[in-house]
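Remarks on the structure that follows.
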Amino acid sequence: MSTPARTPFVAGNWKMYKTVAETVKYVKEFRARVKDIGGVDIVLAPPFTALHAAAEAARASNVALAAQDLYWQREGAFTGEVSGPMIREAGAEYVIVGHSERRTLFGDTDDAVRQKVGAAFAAGLTPIACIGETLDQRERGDTFEVLDRQIRLGLDGLTSDQLAQLVVAYEPIWAIGTGRTATPEQAGEAHTHIRGRLRQWFGAEPGEACRLLYGGSVKVANIADLIAQTDVDGALVGGASLEVADFCEIVSRCRPAAV
Ligand code: 13P
């Protein structure tokens, strides 16, 4: 039996960039420019403060919204935190979890990732779970071991249905914001390894359905070679998603051949 094709998925992670006014201006221009791009899931992840305004500006378009993080409790005395239900109400369908900046700068552990992934599903959000190795780990030859641990601990307890819906982003830390992209072969090799583990640990069907994104210095110039890899289903784009023209071009180059 042949496996159904995975819909390409491209998300722009704006990190701590753009005010509400800048966000609304971007979304209005962006939605007009991508309106005819079919067969690609297109997602923007603005800061929390601009999420609701972005969702309003993207209403009735083919652009969906993601938050950049969440806390796993529904509500309570957790100063500075935002819950899944709050994010859902603000208009997002997705949430990034376990980004390496959260892990290295703000102490998110694999166990925190697991709780956040669970809370995202409980709130009706689709998590975009990030994994990836440091340069040291790659040079020591530990890349697959690190990815295995992040998958095993961070995704522990997910059902097959959840795994099939999940989006995983492979973001080698040494490629983030450095201009040093993984080669298509390095990205392809890591993605094929990740898919193999997902199939092994969660079952062939959900492992095959789960979308795997590459992230780390994705640009107009390198997206085509990255997306051409068998197990690369899209991209999580940082810096190059801040400019409408560049991000439109990246999204456009992820279009399936037939669309
Ligand atoms: P850059 O595309 O700026 O390297 O950032 C990648 C990233 O961290 C996306 O989540």
Side-chain angles (χ1 to χ4, degrees), residues 8-18 22-23 26 30 40-48 50-51 54 63-70 87 92-106 108 112-113 116-117 120 125-135 137-138 143 146-147 150 154 166-184 186-187 190-191 194 211-227 229 232-254:
F9 189 108
V10 186
N13 174 11
W14 288 358
K15 308 191 180 184
M16 202 173 74
Y17 290 99
K18 295 198 191 290
E22 289 164 346
T23 298
Y26 181 115
F30 184 70
V40 182
D41 285 337
I42 307 170
V43 177
L44 295 173
F48 283 130
L51 194 53
V63 179
L65 275 303
Q68 297 176 15
D69 189 27
L70 81 167
I87 290 167
E93 290 173 44
Y94 300 91
V95 58
I96 298 170
V97 174
H99 190 280
S100 66
E101 287 148 18
R102 297 297 321 169
R103 294 177 188 256
T104 56
L105 301 173
F106 304 104
D108 280 16
V113 171
K116 290 180 176 191
V117 166
L125 294 161
T126 295
I128 303 170
C130 303
I131 57 176
E133 80 288 359
T134 64
L135 186 57
Q137 290 164 336
R138 173 162 284 264
T143 297
V146 169
L147 297 178
Q150 290 173 336
L166 182 75
V167 179
V168 173
Y170 167 62
E171 299 206 313
I173 295 172
W174 47 273
I176 295 178
T178 59
R180 182 176 167 189
T181 322
T183 63
Q186 284 172 326
H191 280 232
I194 293 164
R211 261 96 53 94
L212 305 184
L213 316 183
Y214 169 79
S217 298
V218 171
K219 304 271 181 277
V220 173
N222 58 28
I223 186 62
D225 289 340
L226 290 161
I227 195 86
Q229 299 291 313
V232 176
D233 305 313
L236 184 54
V237 185
S241 71
L242 295 172
E243 295 297 330
V244 172
D246 280 4
F247 195 47
C248 283
E249 190 56 34
I250 290 171
V251 169
S252 169
R253 291 184 188 200
C254 290

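Start at 1 and go down the list; that is how both ligands and their atoms are numbered. Here the structure is a predicted model, which is why all the values come from computation and not from measurement.
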* **Under 3.5 Å donor-acceptor, Arg103 side chain and Gly98 backbone** => yes
Per-pair distances, 0.1 Å, donor-acceptor, side chain in residues 232-240, under 3.5 Å, sequence neighbours excluded:
| residue | atom | partner | partner atom | Å |
| --- | --- | --- | --- | --- |
| Asp233 | OD1 | Arg6 | NE | 2.9 |
| Asp233 | OD1 | Arg6 | NH2 | 3.4 |
| Asp233 | OD2 | Arg6 | NE | 3.1 |
| Asp233 | OD2 | Arg195 | NH2 | 2.8 |
| Asp233 | OD2 | Leu212 | N | 2.8 |

* Tyr26: side-chain hydrogen bond (donor to acceptor under 3.5 Å, both in side chains) partners, not counting sequence neighbours ->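 Listed in chain order: nothing, the list is empty.
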* Identify, with sequence neighbours excluded, every residue that meets side-chain hydrogen bond (donor to acceptor under 3.5 Å, both in side chains) alongside Asp69. =>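 Asp69: side-chain hydrogen bond (donor to acceptor under 3.5 Å, both in side chains) contacts with Arg102, Lys116.
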* Please step through side chain to side chain donor-acceptor pair (under 3.5 Å) for the pair Gln68 and His99, ending with a clear verdict. => CA-CA 8 Å; Gln68 297 176 15; His99 190 280; over 6 Å; no
Close N/O pairs between ligand 1 and protein, under 3.5 Å:
| residue | atom | partner | partner atom | Å |
| --- | --- | --- | --- | --- |
| ligand 1 | 2 (O) | Ser217 | N | 3.4 |
| ligand 1 | 2 (O) | Gly238 | N | 2.9 |
| ligand 1 | 3 (O) | Gly239 | N | 2.9 |
| ligand 1 | 4 (O) | Gly177 | N | 2.6 |
| ligand 1 | 4 (O) | Ser217 | N | 2.7 |
| ligand 1 | 5 (O) | Lys15 | NZ | 3.3 |
| ligand 1 | 8 (O) | Lys15 | NZ | 2.8 |
| ligand 1 | 8 (O) | His99 | NE2 | 2.7 |
| ligand 1 | 8 (O) | Glu171 | OE1 | 3.4 |
| ligand 1 | 10 (O) | Asn13 | ND2 | 3.0 |
| ligand 1 | 10 (O) | His99 | NE2 | 2.9 |
| ligand 1 | 10 (O) | Glu171 | OE1 | 3.2 |
| ligand 1 | 10 (O) | Glu171 | OE2 | 2.9 |

* **Note, Glu101 side chain near Ile176 side chain (heavy atom, < 4.5 Å)** => yes
